[in-house]
Trainee: 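Encoded as structure tokens, here's the structure I'll be asking about.
All heavy atoms count here, side chains included; hydrogens, waters and symmetry mates do not.
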Amino acid sequence: MSDCCTPDGSCSTSTTQGGTTAVTESHTTVYAVAGMTCGHCESVLTKAIGGLDGVLSVGVDLAAGHVSVTTDSEPDDAGIAKAVDDAGYEVTGRAA
């Protein structure tokens with residue numbers, strides 16, 4: 001069973017295990033990233049950010065220049081920025 005979109009705007013997924021419910025709350029943060037132009041950029045960033053501890057999913061919007069990162073706790077902005085930088089791109093801040 002899966003529930004999403006809590007009243008505070010975060011996502012929450014609950015699963016039933018052996019009669020008990022385990023709830024995992026996640027946080028989605030959108031970053032503005034400079035230098036992305038194609039599907040290869042999307043693939044590289046998805047792999048680089050997706051490999052970080054606590055990252056549940058990565059979504060890349062090339063047209064908007066945004067990368068949305070869903071984490072299992074508050075995101076590590078510095079760690080995400082370093083992974084993006086190491087991949088050859090630049091985080092210019094959180095997107096509004």
Side-chain angles (χ1 to χ4, degrees):
M1 180 171 97
S2 175
D3 299 323
C4 190
C5 301
T6 60
D8 69 356
S10 65
C11 291
S12 176
T13 305
S14 62
T15 56
T16 303
Q17 298 173 340
T20 62
T21 300
V23 176
T24 303
E25 190 167 323
S26 61
H27 302 270
T28 300
T29 307
V30 180
Y31 298 91
V33 176
M36 302 184 303
T37 59
C38 65
H40 174 73
C41 300
E42 179 179 355
S43 175
V44 167
L45 285 169
T46 299
K47 183 176 180 180
I49 299 168
L52 297 173
D53 286 342
V55 173
L56 302 174
S57 68
V58 178
V60 177
D61 182 342
L62 293 172
H66 292 161
V67 176
S68 56
V69 181
T70 302
T71 54
D72 61 5
S73 61
E74 286 297 321
D76 175 6
D77 290 339
I80 291 168
K82 182 175 178 351
V84 170
D85 185 60
D86 289 349
Y89 305 91
E90 179 186 3
V91 172
T92 58
R94 284 191 178 192

Trainee: Quick check on the hydrophobic clustering: are V84 and L56 connected, directly or via other members, by side-chain heavy-atom contacts under 4.5 Å?
Mentor: no
Trainee: Could you go through residues 60-67 and list every donor-acceptor pair under 3.5 Å that involves a side-chain atom there, pairing it with any protein atom two or more places apart or in another chain?
Mentor:
| from | atom 1 | to | atom 2 | distance (Å) |
| --- | --- | --- | --- | --- |
| D61 | OD1 | A63 | N | 3.3 |
| D61 | OD1 | A64 | N | 3.1 |

Trainee: Rounded to the nearest 0.5 Å, what separates atom CD1 in I49 from atom OG1 in T71?
Mentor: 11.5 Å
Trainee: Side chains of I80 and V69, heavy atoms from C-beta outward: is any pair under 4.5 Å?
Mentor: yes
Trainee: Identify the two heavy atoms, one from A83 and one from L52, that lie closest to each other, and give their separation to 0.1 Å.
Mentor: CB-CD1, 4.0 Å
Trainee: Shortest non-hydrogen contact from G50 to V55?
Mentor: CA-CG1, 3.9 Å
Trainee: What's the shortest heavy-atom distance between Y89 and G35, and which atoms?
Mentor: CE2-O, 3.4 Å
Trainee: Identify the two heavy atoms, one from A81 and one from V91, that lie closest to each other, and give their separation to 0.1 Å.
Mentor: CA-CG2, 3.8 Å
Trainee: Looking only at non-hydrogen atoms, find the nearest pair between V30 and S68 and report the distance.
Mentor: CG2-CB, 3.9 Å
Trainee: Please list, chain by chain and in numerical order, all residues satisfying salt bridge (Lys or Arg N to Asp or Glu O under 4.0 Å) with D53, sequence neighbours excluded.
Mentor: none
Trainee: Do H27 and E74 come close enough that some side-chain heavy atom pair is under 4.5 Å?
Mentor: yes
